Amino acid sequence: MLIKHAEIVLKNSVKVADLRVEQGRIARIGKDLRPKRDERVIEAEGLTVFPGLIDIHVHLREPGFERKEDIASGCRAAVKGGFTQICCMPNTEPVADNKVVISYIKNRAKEVNLCKVRPIGAITKGQKGEDLAPIGGMKAAGAVAISEDGKSVENSKLMANAMQYAADFGLKCLCHCEDASLVGGGVVNEGYFSTLTGLKGSLRAAEDIMIAREICLAESLNLPVHICHVSTYSGVQLIREAKARGVKVTAETCPHYFTLTDSAIQNFDTDTKVNPPLREEKDRLAVIEGLKDGTIDCIASDHAPHHRDDKNVEYDLAAFGISGLETSFALSYTQLVKGGALSLCGLAEKMSASPAAILSLEGGSLEEGAAADLTIVDLNEEWTVDPETFVSKGKNTPFKGRKLFGKVKYTVVDGEIKYEEER
Ligand code: DOR
Ligand code: ZN
Ligand code: ZN
């Protein structure tokens with residue numbers, strides 16, 4: 001395959017060139033490459049080629065919650081969103097806390113054969129917070145990290161042990177930071193809009209205390225730790241200071257935290273209900289600042305698809321989560337690049353190179369010899385978010401009707417076109 005006249009996003013520059021794919025790898029990037037016989041030519045003038053996007057935080061829901069999503073529908077949503085590689089969280093039923101479930105996910109993803117799927121194992125058995133899951137066995141079966149996502153491991157000693165064991169097996173803990181006692185049933189950020197709506201609020205401190213604990217553990221043990229979905233200005237500051245001291249902490253945020261604030265909850269749209277909750281403008285701005293100065297290493301969608309029945313109920317009862325795979329790139333491009341916070345290279349770093357580096361995954365840059373994982377987009381095309389066109393089973397998005405820039409045209413995995421926009 002030969003991609004002609006594309007704008008190519010390299011590590012430190014963007015240049016217009018041709019890109020040849022041979023045997024699943026990037027064979028050449030250069031000017032005026034001539035098509036070979038039988039080579040498929042993609043005329044990509046006006047299009048931009050990114051290194052295949054990588055999302056290290058998605059929920060595929062299978063096994064157990066297939067009415068929300070399954071591995072096939074989730075992978076279709078991933079490639080439609082431009083993702084060539086995704087890591088899926090273990091809060092399934094049964095929980096992915098052993099090698100059998102990890103192997104099942106890997107095998108099913110191989111059958112689906114769209115994007116690369118890297119499972120994340122649970123930290124504790126059944127995510128009950130009592131006994132460590134068999135980390136070595138999960139690693140041997142293909143787990144790329146461990147996480148208790150959906151909650152924190154309350155017991156600090158158990159968390160310290162988890163970090164130690166994970167490190168012994170070359171894995172990181174991905175930490176959902178939430179002090180359950182402080183959240184105390186809160187469903188939105190505590191502030192003006194929780195008061196206005198009467199919805200129960202949850203303090204920033206509920207997130208910050210756990211971010212601080214994970215940093216303290218990582219610092220004391222001199223081990224790496226990754227903080228999931230940072231949403232507070234104070235959490236950004238904790239991570240910034242820890243990094244300055246040399247703590248091996250990395251962090252992600254999600255498009256909803258740099259795009260929306262809690263003012264979006266006013267109409268009681270349960271699609272705005274997410275955990276951690278949408279915060280305030282000063283948090284949103286601090287998250288962007290954190291992305292700019294490198295405090296926040298990467299962008300993940302926290303794709304959390306839910307069935308209509310889980311959302312079409314009173315706000316208090318609705319499930320937490322946003323279906324994010326099909327809007328993550330366009331939201332990030334529109335908010336951060338069009339908004340002036342990041343360059344195209346900067347965006348590629350946050351959505352490909354850095355997620356690959358955090359979990360030691362393959363991919364992350366466009367280089368001759370690398371796997372041909374490519375995301376080809378039209379950055380100038382404006383489109384309107386319509387959940388009814390989502391291929392994810394989860395139509396739950398607070399971005400319905402929003403106009404965004406950046407449309408995925410092709411997603412290429414190991415040199416094969418896995419998604420091509422219908423025209
Ligand atoms: O909003 C969320 N949804 N936050 C989480 O931590 C879990 C996730 C889910 O699994 O639905
Ligand atoms: Zn989470
Ligand atoms: Zn999550």
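These numbers were taken from a predicted model, which means no experiment stands behind them. Note that the numbering runs from 1 along the sequence shown for the chain. Just so you know, ligand 1 is whichever comes first in the structure, and atom 1 is the first atom listed for that ligand.
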[atom]: the protein heavy-atom neighbour that sits closest, reported with distance to 0.1 Å:
atom                    : answer
atom 6 (O) of ligand 1  : His176 CE1, 2.9 Å
atom 3 (N) of ligand 1  : Phe320 O, 3.1 Å
atom 7 (C) of ligand 1  : Gly150 CA, 4.0 Å
atom 11 (O) of ligand 1 : Arg61 NH2, 2.8 Å
atom 4 (N) of ligand 1  : Asn275 O, 2.8 Å

Structural part of Ile322 in contact with ligand 1, heavy atom criterion under 4.0 angstrom: neither
Side chain, backbone, both or neither: His256 near ligand 1, heavy atoms under 4.0 Å: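 Neither; no heavy atom under 4.0 Å.
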Close-contact set for ligand 1 against [X] heavy atoms, below 4.0 Å:
X      : result
His306 : 11 (O)
His59  : 8 (C), 10 (O)
Val274 : 1 (O)

Donor + acceptor pair across side chains of [X], [Y] (<3.5 Å):
X      : Y      : value
Ser263 : Tyr192 : no
Ser73  : Glu69  : yes
Ser231 : Arg279 : yes

Backbone or side-chain N/O/S of His59 under 2.8 Å of the Zn ion (ligand 3):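 Looking at His59, which is the residue asked about, there is an N, O or S atom under 2.8 Å from the Zn ion (ligand 3).
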Contact flag His57/the Zn ion (ligand 3), N/O/S atoms, threshold under 2.8 Å: yes
Is it the case that the side chain of [X] and the backbone of [Y] share a donor-acceptor pair, with hydrogens and angles ignored and the cut-off at 3.5 Å?
X      : Y      : answer
Thr295 : Arg240 : no
Glu66  : Gly64  : yes
Glu148 : Ile123 : yes
Lys200 : Gly184 : yes

Whether Tyr257 and His229 hold their rings parallel, tilted or perpendicular, with breakpoints at 30° and 60°: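 It falls in the perpendicular class, over 60°.
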The Zn ion (ligand 2): angle it makes with ND1 (His176) and OD1 (Asp149), nearest 10 degrees: 90°
For His226 against Thr250, the heavy-atom pair lying closest together: ND1-OG1, 2.8 Å
Within 45° cone of Phe169 ring axis and under 6.0 Å: Lys139 NZ or CZ: no
Nearest to the Zn ion (ligand 3) - the N/O/S atom of Asp302, by atom name: OD1
Cys228 near the Zn ion (ligand 2) via N/O/S, less than 2.8 Å: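 Under 2.8 Å: Cys228 has no N, O or S contact with the Zn ion (ligand 2).
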